Amino acid sequence: MASGVAGCSGNLSTLDPAGPAAGSTALLWWVMLAGACAIFLLVMALVALAFLRPGLGEGIAPRRWLVWGGLAFPGVTLGALLVFALATGERLLPHPGSGVTTVEAIPEQWHWRFRYENGTETVNEMHIPAGRPIDIRVIGTDVIHSFWVPRLGGKIDAIPGHVNTIRLEADRPGSFGGVCSEFCGTGHTDMTFTAIAHEGGAYEAALARATAPAPFGARLAEDGAR
Ligand SMILES: [Cu+2]
């Protein structure tokens, strides 16, 4: 929808969705933008009328302006937006279902470790099957981080000692940028990863190929123990 708009494309763009969760978030954004523009134009038209046709609204009592313009209108508008936003947020939450693949995401200062159902681990590269819902179990370890693949869905915090789950899905195979979206120390900026969505059986094959080098911290600990 927005890929032609300058600055809206790119591998970290929420306005270039590649999955249902990101798609509904982008739709919410467009609805809010359209609504905000319509209300802004309405208010500007009223301001213009106040200057061009002084006394036009005098027949309406100030109390009416306040009740209808200050309470009823924002109440209805924000109420409708709230319902729409809650329904959109619901799609980001995992619901029990069959055919859901689970991947564990373990953020540590300053890299991402991913663990799969077969026990394989990868670092800074998350392999997922395309066209299938995936529950990402984000496991909090050292400090607060935040998992975010903007083109696939919303972000979720990693809180030490807690597991937070978010459901993502990629419509088609491809590579999508991922970041840590919560400042977590001096290495935060470089704490990026790539989500790679594979077609059908290619997912299992990619996992079979994947071998994770030991995380830097673990290597240091090992070296120290020798
Ligand atoms: Cu961070």
Side-chain angles (χ1 to χ4, degrees), residues 2 7-26 28-29 32 85 88-89 91-94 101-117 119-130 133-170 174-198 206-207 210-224:
C8 292
S9 53
N11 218 12
L12 288 172
S13 174
T14 48
L15 297 182
D16 190 9
S24 54
T25 310
L28 176 65
W29 188 88
M32 286 175 77
T88 303
R91 294 199 206 173
L92 302 179
L93 299 174
T101 305
T102 302
V103 174
E104 288 178 344
I106 306 142
E108 289 155 344
Q109 287 171 316
W110 288 279
H111 60 255
W112 291 88
R113 219 147 40 86
F114 298 100
R115 195 186 293 141
Y116 306 89
E117 284 166 351
T120 308
E121 282 196 10
T122 55
V123 174
N124 292 341
E125 232 178 48
M126 180 179 77
H127 297 275
I128 53 171
I134 306 120
D135 280 354
I136 312 286
R137 285 166 43 83
V138 181
I139 300 174
T141 52
D142 44 18
V143 299
I144 298 177
H145 302 272
S146 187
F147 172 97
W148 194 25
V149 184
R151 294 191 63 205
L152 297 186
K155 53 178 91 164
I156 196 157
D157 277 354
I159 310 289
H162 289 265
V163 178
N164 286 333
T165 306
I166 191 165
R167 178 159 295 179
L168 301 181
E169 186 173 332
S175 287
F176 310 99
V179 293
C180 172
S181 58
E182 180 72 56
F183 182 72
C184 56
T186 52
H188 167 70
T189 321
D190 296 321
M191 207 171 146
T192 58
F193 63 95
T194 309
I196 303 167
H198 301 274
L207 285 194
T211 46
F216 188 58
R219 276 210 308 274
L220 279 185
E222 256 174 45
D223 289 350

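Position 1 is the first residue of the sequence, and the numbers go up from there. Note that the structure is predicted; figures quoted are calculated from it, not measured. Computed over heavy atoms, backbone and side chain alike; hydrogens, waters and symmetry mates excluded. Start at 1 and go down the list; that is how both ligands and their atoms are numbered.
Interatomic distance, Ser175 OG to Glu125 CD, rounded to the nearest 0.5 Å: 8.0 Å.
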Begin from the C-alpha positions of His111 and Met191 and carry the test side chain to side chain contact (heavy atoms under 4.5 Å, CB included) through to its verdict. CA-CA 5 Å; His111 60 255; Met191 207 171 146; 5.6 Å; no
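Around the Cu ion (ligand 1), protein N, O or S atoms at less than 2.8 Å comprise Cys180 SG, Glu182 O, Cys184 SG, His188 ND1.
Checked against side chain to side chain donor-acceptor pair (under 3.5 Å), His188 has no partners two or more places apart in sequence or in another chain. The salt bridge (charged side-chain N to carboxylate O under 4.0 Å, His left out) check on Glu104 picks up Arg115, Arg137, with sequence neighbours excluded.
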Compile the donor-acceptor pairs under 3.5 Å between side chains in residues 147-168 and protein atoms, sequence neighbours left out, one pair per line.
unit_1	atom_1	unit_2	atom_2	d
Trp148	NE1	Gly153	O	3.2
Arg151	NE	Asp16	O	2.7
Arg151	NH1	Asn11	OD1	3.3
Arg151	NH2	Asp16	O	3.4
Asp157	OD1	Ser146	OG	3.1
Asn164	ND2	Asp157	O	2.9
Arg167	NE	Asp135	OD1	2.7
Arg167	NH1	His95	O	3.1
Arg167	NH2	His95	O	2.8
Arg167	NH2	Asp135	OD1	3.3
Arg167	NH2	Asp135	OD2	3.2

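Side-chain contact annotation: Tyr116 with Thr122, donor-acceptor N/O pair under 3.5 Å present.
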